[in-house]
Amino acid sequence: MSSSMGGKAARARAARKGLEVVTNLSSHRPAGGAPIARDLENMSSECYQIATALEELEKTARMKFRPHLSDRKEIPMDNHGSMIVSSENSCGQQQDSEDGENEIGKSVKNDSQTYYCDLSEKNLREFTLELLTLKCIPFQCITSLDLSRNELWNLPCLESIPNVEHLNLSRNWFAELPKSIGDLTKLQTLGVSHNMLRSSRASLLIDHPGENDANKINNCKSSSSILQSLDLKEIDLRFNQNCAHQKLKSLIQQELPSVHIKMTINFPCPEGAFVGASAAERDPSLLRSQ
């Protein structure tokens, strides 16, 4: 049984259940985009005529007012159906490949001792040490690892690369932070934006050992949580739908007081989220759509 593009969460659930999930970018288009060939083929004759007429009107207007846009350019898409834009790694610095790129990924030798390893946008659903072995990278020398824009929901084998300081897991399928992160004792920055993280303490690795055990309730604060045991300086939790409450950010900040926490807060609505108390009082010139 297989599942086509579908939604990100639906594909992640299907993959976790062992179903074959097919990512077909050739038939995907962003919301609001022009109809693709398959859309037109599946339409009724009446809808097909309307769609083609609208397409022709749009093309005529485009040729009249924007002649330089006579042809639509292909939009570069990643495996999540998101437009690909130039991005920075989790360290905040753009990395350029010096050692070349192969079908597995690219690595950049920062100096004689450390490596930045890029395994982003490889449609990975499983991370194994073989990926690093094929690239002939000494495990002990990897200080930055980019696994963003894949389809990962589990992350084993991190104990073999203990010197990683910067880990980028953004745009994956993680519902909870992998406990193997605790093996990265030198980790400083952790990027997990655009995932599907749950808001529980256990999912965010800020629960204390024995916290849910009635027999150990008196000692539940005696041990540090996994994230507390690390020397983290920054964690990026932005654009996780279930992690957008100010109370959650306050809780995480209380548990990790020295860590810079990035979160997208939707509730309560932050000051300045809306311009004017009602639509009648808003200044159209201040709206983002203008």
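What's counted below: heavy atoms across the whole structure, side chains too, no hydrogens, waters or symmetry copies. Start at 1 with the first residue, then count along the sequence.
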Start with the C-alpha distance between I142 and N163, add both sets of side-chain angles, then the distance that settles side chain to side chain contact (heavy atoms under 4.5 Å, CB included), and finish with yes or no. CA-CA 6 Å; I142 298 175; N163 293 321; over 6 Å; no
Start with the C-alpha gap between H166 and T143, add the side-chain angles, then the distance that decides, and say whether side chain to side chain contact (heavy atoms under 4.5 Å, CB included) holds. CA-CA 7 Å; H166 309 283; T143 57; 5.6 Å; no
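- Counting all heavy atoms, side chain and backbone alike, L187 lies closest to E165 at CD1-O, 3.5 Å.
- The environment of CD in Q241 is sparse: at most 12 heavy-atom neighbours from other residues, nucleotides or ligands sit within 6.0 Å.
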Please determine whether side chain to side chain contact (heavy atoms under 4.5 Å, CB included) holds for the pair E255 and L204, giving the CA-CA distance in whole Å, both sets of side-chain angles, and the decisive distance to 0.1 Å. CA-CA 11 Å; E255 295 287 338; L204 298 175; over 6 Å; no
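- Within the 4.5 Å cutoff, the side chain of L119 has heavy atoms near those of the L132 side chain.
- Between K186 and P162 there is no side-chain heavy-atom pair separated by less than 4.5 Å.
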Checking R201 against H208 for the side chain to side chain contact (heavy atoms under 4.5 Å, CB included) test, could you report, in this order, the C-alpha distance in whole Å, the side-chain angles of both residues, the deciding distance, and whether it holds? CA-CA 9 Å; R201 296 170 66 98; H208 297 262; 3.6 Å; yes
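- Partners of F267 under the ring pair (Phe, Tyr, Trp, His ring centres under 6.0 Å) rule, at least two apart in sequence or in another chain, are H245.
- Under the 3.5 Å distance criterion, the side-chain polar atoms of N195 are matched with a main-chain donor or acceptor of F174.
- For K247, there are no salt bridge (Lys or Arg N to Asp or Glu O under 4.0 Å) partners two or more places apart in sequence or in a different chain.
- Formation of a donor-acceptor pair under 3.5 Å by the N168 side chain with backbone atoms of L147 is not found in this model.
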